[in-house]
Amino acid sequence: MEQNRWGVLYCPKHGLVSPRKRWEKIEKCLKENDILYDFIQSENSASVERLVNMMINNGYKTLVIIGGDSALNDAVNCLMQAGKEIRESISLGVIPNGVMNDFARYWGFKEGELEQTVDWLKKGRVRAVDLGCIRYTNKLGERCHRYFLNCVNIGLIASIMNLRRQTRRVLGSRTLSFVASFLLMIFQRMEYKMDIKINADRIKRKVMTVCVGSARGYGQTPNAVPYNGMLDVSVVYHPEVTQLFEGFYLFLRGKFLNHHSVHPYRTTEIEINEAQRALIGIDGRLMNTPEGPFKISIEQEVINFIIPE
């Protein structure tokens with residue numbers, strides 16, 4: 001395998017632009033930049049890990065995911081299964097094409113700026129980034145773990161993110177889908193009994209939502225940095241209805257932490273001893289709810305990610 005040949009995985013999404021036309025535009029841009037690449041398209045989200053593993057095993061040193069946060073999540077989990085020597089020889093890049101592209105947006109990659117994105121990827125500036133890791137026991141009693149680039153959500157926001165994925169498929173717009181999801185949340189469970197340990201603090205009370213972010217966490221951990229070896233945590237108690245709308249306004253303005261119901265922390269590990277009936281989302285996708293207590297920690301600078309100049 002030529003060292004400069006990319007392995008490109010296209011994860012199409014449903015929207016106003018057909019997947020075929022979207023790929024034709026990307027293909028044209030790659031050829032205009034004289035990129036050597038081999039291309040494969042995922043059949044569905046369940047096939048992404050299989051195809052990424054195939055590219056790793058075939059010796060590609062640059063993997064470019066044309067997809068969103070969930071596809072990137074699958075890719076980093078495949079890389080973490082590979083040996084350290086193999087993982088350190090591979091660089092991961094992204095061309096945003098998902099329902100949610102929060103991690104790409106953190107670095108300045110935008111879905112509508114394809115030429116700029118390809119130019120940055122071609123220059124190959126690499127930064128080692130952190131991964132969060134959730135360790136839990138599943139319903140079969142098996143010990144499991146899952147890595148994440150962006151965040152883990154526990155509670156109401158996990159429900160909203162799930163609604164947002166569904167509404168964006170219909171509405172197309174990122175902002176409209178979030179507004180619609182926020183309005184629909186009045187039909188969701190608003191509080192969850194939780195028992196959480198963060199550093200020396202123990203939180204035992206009803207909580208609306210918790211976000212544990214290695215990056216910005218869809219605006220809930222806006223100060224998080226994915227290369228400082230730390231996790232940012234936002235714990236949100238249930239505000240009054242008027243305060244809820246104030247929180248929504250601050251969220252859209254990027255000032256989420258200014259709301260008095262939001263309690264921020266910074267840590268290397270968080271223990272969740274109880275999160276009664278709360279949904280859990282990882283990088284924007286719902287995961288099977290763990291059975292019993294679980295932990296979330298950070299592993300510093302373990303993935304080589306291609307970033308802008």
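Only heavy atoms go into these numbers, but all of them, side chains included; no hydrogens, no water, no symmetry mates. The first residue of the sequence shown is numbered 1, and numbering continues consecutively from there.
A donor-acceptor pair shorter than 3.5 Å cannot be found between the side chains of N150 and R216. Defined by atom type and a distance below 3.5 Å, a donor-acceptor pair is present between the side-chain atoms of D38 and Y60. One side chain, Y218 or D69, offers a donor N or O that lies under 3.5 Å from an acceptor on the other. Looking only at atom types and distance, the side chain of E43 has a donor-acceptor partner in the side chain of S47 under 3.5 Å away. A donor-acceptor pair shorter than 3.5 Å can be found between the side chains of N77 and N73. For the 3.5 Å distance criterion, the side chains of Q220 and N153 qualify, holding a donor opposite an acceptor.
Partner I198 forms a side chain to side chain contact (heavy atoms under 4.5 Å, CB included) with one of I270, L231, I272, V210 and no other, that one being I270.
At least one donor-acceptor pair under 3.5 Å links the side chain of K197 to the backbone N or O of N199. A donor-acceptor pair under 3.5 Å is absent between the side-chain atoms of Y136 and the main chain of R146, judged by distance alone. Within the 3.5 Å criterion, the main-chain N or O of E301 finds a donor-acceptor partner in the side chain of D130.
Inter-residue side-chain proximity for P293 and E271 is flagged as unmet; no heavy-atom pair is nearer than 4.5 Å. Proximity of D232 to N223: side-chain heavy atoms (C-beta onward) are separated by under 4.5 Å at one or more points. For the pair S70 and C11, the minimum side-chain heavy-atom distance is 4.5 Å or more. Looking only at side-chain heavy atoms (C-beta outward), Y147 and H145 come within less than 4.5 Å of each other. V233 places none of its side-chain heavy atoms less than 4.5 Å from the side chain of C211. Side-chain contact between K206 and M194 is absent, with no heavy atoms from C-beta onward closer than 4.5 Å. Using a 4.5 Å cut-off on side-chain heavy atoms (C-beta onward), V152 and I280 make contact. Side chains of I196 and R202 form no contact here, defined as non-hydrogen atoms less than 4.5 Å apart.
Aromatic ring centres of Y237 and H263: separated by under 6.0 Å. Aromatic ring centres of F39 and W23 lie closer together than 6.0 Å.
Both cation-pi conditions hold for R127 and Y227: the charged atom is under 6.0 angstrom from the six-membered ring centre and inside a 45 degree cone around its axis.
The 12-atom threshold is exceeded at NZ of K122, counting heavy atoms of other residues, nucleotides or ligands nearer than 6.0 Å.
Tracing side-chain contacts under 4.5 Å through hydrophobic residues (I, L, V, M, F, W, Y), one never reaches M230 starting from L149; they form parts of separate clusters. Side-chain heavy atoms closer than 4.5 Å link hydrophobic residues (I, L, V, M, F, W, Y) into clusters, and following such links, even through other members, never connects I306 to L36.
Classification of the W107-F103 ring pair by plane angle, with boundaries at 30° and 60°, yields perpendicular. Using bins of under 30°, 30° to 60° and over 60° for the plane-to-plane angle, the ring pair F109/F305 lands in the perpendicular bin.
In terms of heavy-atom proximity, P308 sits nearest to R125 at O-NH1, 3.0 Å. Listed here is the closest heavy atom pair of V8 and M55: N-SD, 4.0 Å.
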